[in-house]
2 protein chains.
Amino acid sequence: MEPIEEIIANNLVNLRKKRGLSLDKVADLTGVSKAMLAQIEKGKSSPTVTTLWKIANGLQVSFSVFMKEAVKPQIEKININQLPPVIDNNGNYLVYSIFPYHPEKKFEIFTVDLKPGYSHISEKHLGEEYILIKSGELTIDIHGKEFVLTTNETINFSSSAEHSYINSSKELVSFYIFIYYPDDIH
Amino acid sequence: MEPIEEIIANNLVNLRKKRGLSLDKVADLTGVSKAMLAQIEKGKSSPTVTTLWKIANGLQVSFSVFMKEAVKPQIEKININQLPPVIDNNGNYLVYSIFPYHPEKKFEIFTVDLKPGYSHISEKHLGEEYILIKSGELTIDIHGKEFVLTTNETINFSSSAEHSYINSSKELVSFYIFIYYPDDIH
DNA sequence: TTTTATTGTTTATTATAACATACAAATGTA
DNA sequence: TACATTTGTATGTTATAATAAACAATAAAA
């Protein structure tokens, strides 16, 4: 048995035990057979990369979790009206940070109100951006290319591209911005 | 061929070419056969974790080098109307997965339509949940405690608490569910 | 208490990873 | 130029990954 097999074995056993899952349940979640999971946990078999990928996907952990070596039950309800805007362009472009970035997390969420006829140029920044429309119609210019989003449309793009938000419509547009910061940014 | 196999194939080819190494040389350095290396590079075989480990060690790179997708500036616009619902309770509770979970990311995003008078009990699951209202009024029962959310309110809680979504109003409620999965292996 | 379901382990079978070897084409050397 | 070496590909064989099914022990349900 190679050292890497033992590392994976230990990590899989620990994760499964921590979650209180049976081999059967993990097999259901991952599409990998119960017998194979047992072999891996016992260090009796070295799984293919595909198999380990399936396990990671099924257990919704990063692949790297198996290569290496905290949860607070907390309910936080927020009333946006009581938040000060982090950006206020005379009431025409309002940004509220509803779930701020936290060093142990890799995302933050904003909500934005943009009045008709107004736009906002966003500076290039790290991360991936996901735009979720709440109401109205938003035009996004991403590096010179325009996309129009209505309430049944959503978009994601790399924030390192130049982009701006534009309200070309006759009504207020409200939307959520979710910014995800992947682990290693080279 | 699984996507992960193609990712590994590309990364191995690129690294080998960049270093100007032949398959033979890499086989010498890693202890993995030339034929197997060719299979991996062609995506014709999914190596075991041990084999990939040997390759990483022989080439003196981190294991994770082979897992990384090339960073492509990608813009993905999605029309929710064209997505099949992942859950459809006779049209009364519709769930659409707009940005599915990916093992190298730690979140997924859904949008939900819940008709008046209907509710949905969500099984306990991992992660933290963030609810962003699009339109209407949503009541969430979290482990027996009720919270009412309108369009200017948002909430987050641990998904490991029993929770259900309830539409007690007279109109459709639409909302986004953002589920974040922290790396937890403790 | 009896019956049923679940759990991890074991066994046998199938699929495929990984190898050794051969081969044709390309490259390098004398 | 002729010969030798290297390169990536193809082929067949061996080892092992991965599975389905069976099993015994334990836990849960009736």
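For the numbers below, each heavy atom of this structure counts, side chains included, while hydrogens, waters and symmetry mates do not. Proteins get letters first, then strands, A, B, ... in listed order; numbering begins at 1 in each.
When the P atom of dG8(D) is taken as reference, atom CG of Leu23(B) falls 4 Å away, rounded to whole Å.
A heavy-atom distance below 4.0 Å to DNA chain D is reached by these residues of residues 24-35 of chain A, ordered by number: Gly31(A), Val32(A), Ser33(A), Ala35(A). Contacts between residues 39-47 of chain B and DNA chain C, counted as heavy-atom distances below 4.0 Å, involve Gln39(B), Lys44(B), Ser45(B), Ser46(B), Pro47(B).
Taking the 5' to 3' direction, DNA chain C first and last meets chain B under 4.0 angstrom from a heavy atom at dA17(C) to dA20(C).
Residue Thr48(A) has a polar side-chain atom (N or O) positioned under 4.0 Å from OP1 or OP2 of dA18(D). Side-chain nitrogen and oxygen atoms of Arg16(B) include at least one within less than 4.0 Å of the OP1 or OP2 phosphate oxygen of dG8(D).
With no hydrogens or angles considered, no side-chain donor-acceptor pair links Glu129(A) and Ser158(A) at under 3.5 Å.
The aromatic rings of Phe178(A) and Phe107(A) lie tilted to each other, with the angle between the two planes from 30° to 60°. Taking the six-membered ring for Trp and thresholds of 30 and 60 degrees, Tyr165(A) and Phe175(A) have ring planes inclined between 30 and 60 degrees apart.
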For residues 139-148 of chain A, which side-chain donor-acceptor pairs fall under 3.5 Å, sequence neighbours excluded?
from	atom 1	to	atom 2	distance (Å)
Asp141(A)	OD1	Gly144(A)	N	2.9

Per-pair distances, 0.1 Å, donor-acceptor, side chain in residues 88-99 of chain B, under 3.5 Å, sequence neighbours excluded:
from	atom 1	to	atom 2	distance (Å)
Asp88(B)	OD1	Asn90(B)	N	3.2
Asp88(B)	OD1	Gly91(B)	N	2.6
Asn92(B)	ND2	Asn89(B)	O	3.4

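In this structure, the helix from dT1(C)-dA30(D) to dA30(C)-dT1(D) shows an angle of 30° between the axis at its start and the axis at its end, each fitted on 5 base pairs and rounded to 10°.
Of the possible polar contacts, one joining the Tyr176(B) side chain to the Ile133(A) backbone as a donor-acceptor pair under 3.5 Å is found.
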So Glu153(A) and Ile80(B), side-chain contact (heavy atoms from CB on, under 4.5 Å) or not? Walk me through it.
CA-CA 6 Å; Glu153(A) 287 165 320; Ile80(B) 301 169; over 6 Å; no
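When the nearest nucleotides of DNA chain D are assigned to Met36(A) and Lys17(B) by heavy-atom distance, the more 5′-ward of the two goes with Lys17(B).
Under 4.0 Å is where a charged nitrogen must lie from a carboxylate oxygen, and between Lys44(B) and Glu5(B) no such pair does.
For Trp53(B) and Phe63(B), the gap between ring centers is short of 6.0 Å.
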